[in-house]
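Throughout, protein chains are lettered first and strands after them, A, B, ... in sequence-line order, and every chain is numbered starting at 1. None of the values given here were measured: they were computed from a predicted structure.
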Amino acid sequence: MLIDWFTVIAQLLNFLILVWLLKRFLYQPILQVMDEREKRITNRLQEAEAQKAEALKEKGHFQELNSNLEQQRETLLNQAKADANSERQRLLEEAREDHRLLRARLQETLDSEKANLSQGILRRFQEEVFEIARKVLADLADSSLEQQMAAVFARRLAELSDGEGKQLTAALQASSHPVTVRSTFTLSSEQQAAIKSALKKMLPPDGQVLFEATSATPANGQAQYGQADGIELTTNGYKMAWSITDYLGDLEQKAASILEAEPAQEQKSKNHGG
Amino acid sequence: MSLSTDDIILWEHGFIKLNATIAITWVLMLVMVIGSRLITRHLSSDVKISRWQNMLEAIVSGINQQIKEIGIQKPEKYISFIGTLFLFIAFAALCTVIPGYEPPTGSLSTTAALAISVFVAVPLFGIEEKGFWGYLKSYLEPTFIMLPFNVISEITRTLALAIRLFGNMMSGAMILSILLVISPFIFPVLMVLLGLLVGMVQAYIFGILATVFIAAATQAGRE
């Protein structure tokens, strides 16, 4: 007999027990664990997806921030550049202004120095010219010139204007001392007579005329042209003289006034031009 | 030389007798249950798992996959029955590599017991799924004329299941015994390998057929 029914029943029971045991110890735990794992992985994937989405969002946000920062930086940089440029322009302008002022001042200084120099040169020149003139005249002062000088003096005395005449007359009348006529050369008797005759009308009746010849170089060493090369009449507070020096002095004064006027005019024209 | 392990009586008391088939089955059961228990005691649902757990998971998910491919929507419900059928037969065949071992599936009593359990389980699953009358109605499909044929097919397929497994397993052991007598070297080893392959294939066939029957009983007429 191939089939033993007791064994069949026993094996049937064995099999059912095995089914129950394996279900209890194998399938259930394994399936449960697999489900759990699957769930966990799904959760993780979802989480990862969510995190990815969030990361993308964050990334976008940061990119935006970044671009904003970049823009801001650009703006600031541009502004700084513009500021620096304007500052540079300002400084340059300032420097230019300073330069201009300095140059103007320098020019002014130079001009004034030049003017001073030229004035000095002119003055010196003028002095030299007059010195030479004076020297020439002194050298030329021979007898004929002396005669002429005496004649001119006499004529001037004779041809005094009314006011001057009266003044001189008053002075002569009031003086208790004799009238002194000084000259740089010795007057001849004719010349003395001519002067005396010219003074006769103005002198008091007992009036005396003293003639003095002084040396050309004065005792005190000062350049007193008045007595050097002319004739002088002094009385009580009144003085009348004729000399080459007087002419030269007049001329010198005129020349000096012209020289002084010239730089001022130049300055004026410059200012107008500037 | 005995034809069946049923004939090797270890202990006897009246009607009750403990033969080699039952004893070997117990040993196999013990090994399977203790092995499962040892491995599933420290299960981890994390991504990193032990090799043993990995092996069991591969087996269980493989069985699950096979059941699903047959057309059963909820394989978890039937995996205990179908999976145990497959694992028991496969483990019994696998142990043929142990010298002196006789597979309990080489006994017609064991294969008959397995076939009977399928014969009983199929209508039970069917009734659970479709209700009592709903299941009985499936015997009248497509027409009532088919009723006797359906009943006959139910019985014959159970018989076929039992005989097929028995024949294959028994023949393997038998051929091995005969060859051992004729040529004791090398050739029996090849036959052991062949027997192993045949055992695995039979386990697969038995499991698949049981699944098909269950699927037919539970899913037919649903679609």
Review point. Can you name the closest pair of heavy atoms from A:Val8 and B:Ala113 and give their distance?
Key: O-CB, 3.3 Å

Count the heavy-atom pairs under 4.5 Å between each of [options] and chain A, then report the option with the highest count.
options: B:Leu18, B:Ile63, B:Ile59, B:Ile16; result: B:Ile16
options: B:Lys17, B:Gln53, B:Glu76, B:Met32; result: B:Lys17
options: B:Leu114, B:Ile116, B:Asp46; result: B:Asp46
options: B:Val120, B:Thr84, B:Thr25; result: B:Thr84
options: B:Ala162, B:Ser117, B:Ser109; result: B:Ser109

Exercise for review: Begin with the C-alpha distance, continue with both residues' side-chain angles, and end with the deciding distance and a verdict on side chain to side chain contact (heavy atoms under 4.5 Å, CB included) for B:Ile22 and A:Phe6.
Suggested key: CA-CA 10 Å; B:Ile22 298 172; A:Phe6 173 80; 3.9 Å; yes

Under a 4.5 Å heavy-atom cutoff, which of [options] has the most pairs with chain B?
options: A:Arg40, A:Glu36, A:Lys39, A:Lys23; value: A:Arg40
options: A:Asp35, A:Leu16, A:Ile41, A:Leu22; value: A:Leu22
options: A:Gln28, A:Met34, A:Glu38, A:Gln32; value: A:Met34

Please look at [X] and chain A and tell me whether the side chain, the backbone, both or neither of the residue comes under 4.5 angstrom of a heavy atom of that chain.
X: B:Ile49; result: side chain
X: B:Ser44; result: backbone
X: B:Leu87; result: side chain

**Study point:** B:Thr111 vs A:Gln11 side-chain heavy atoms within contact, under 4.5 Å
**Key:** no

Practice item. Identify the residues of residues 46-70 of chain A whose heavy atoms come closer than 4.5 Å to a heavy atom of chain B, ordered by number, or report 'none'. Key: none

Point to revise | Heavy-atom contact with chain B under 4.5 Å, split by part of A:Arg24 | key: neither

Inter-residue atom distance [X].[atom1] - [Y].[atom2], 0.5 Å rounding:
X: B:Met29; Y: A:Asn14; atom1: CE; atom2: CG; value: 4.5 Å
X: B:Leu43; Y: A:Ile30; atom1: CG; atom2: CD1; value: 5.0 Å
X: A:Leu31; Y: B:Asn64; atom1: CG; atom2: CG; value: 5.5 Å

Check your understanding: Quick check: does any side chain N or O of B:Ser36 sit under 3.5 Å from a backbone N or O of A:Phe25, one acting as donor and the other as acceptor?
Key -> no

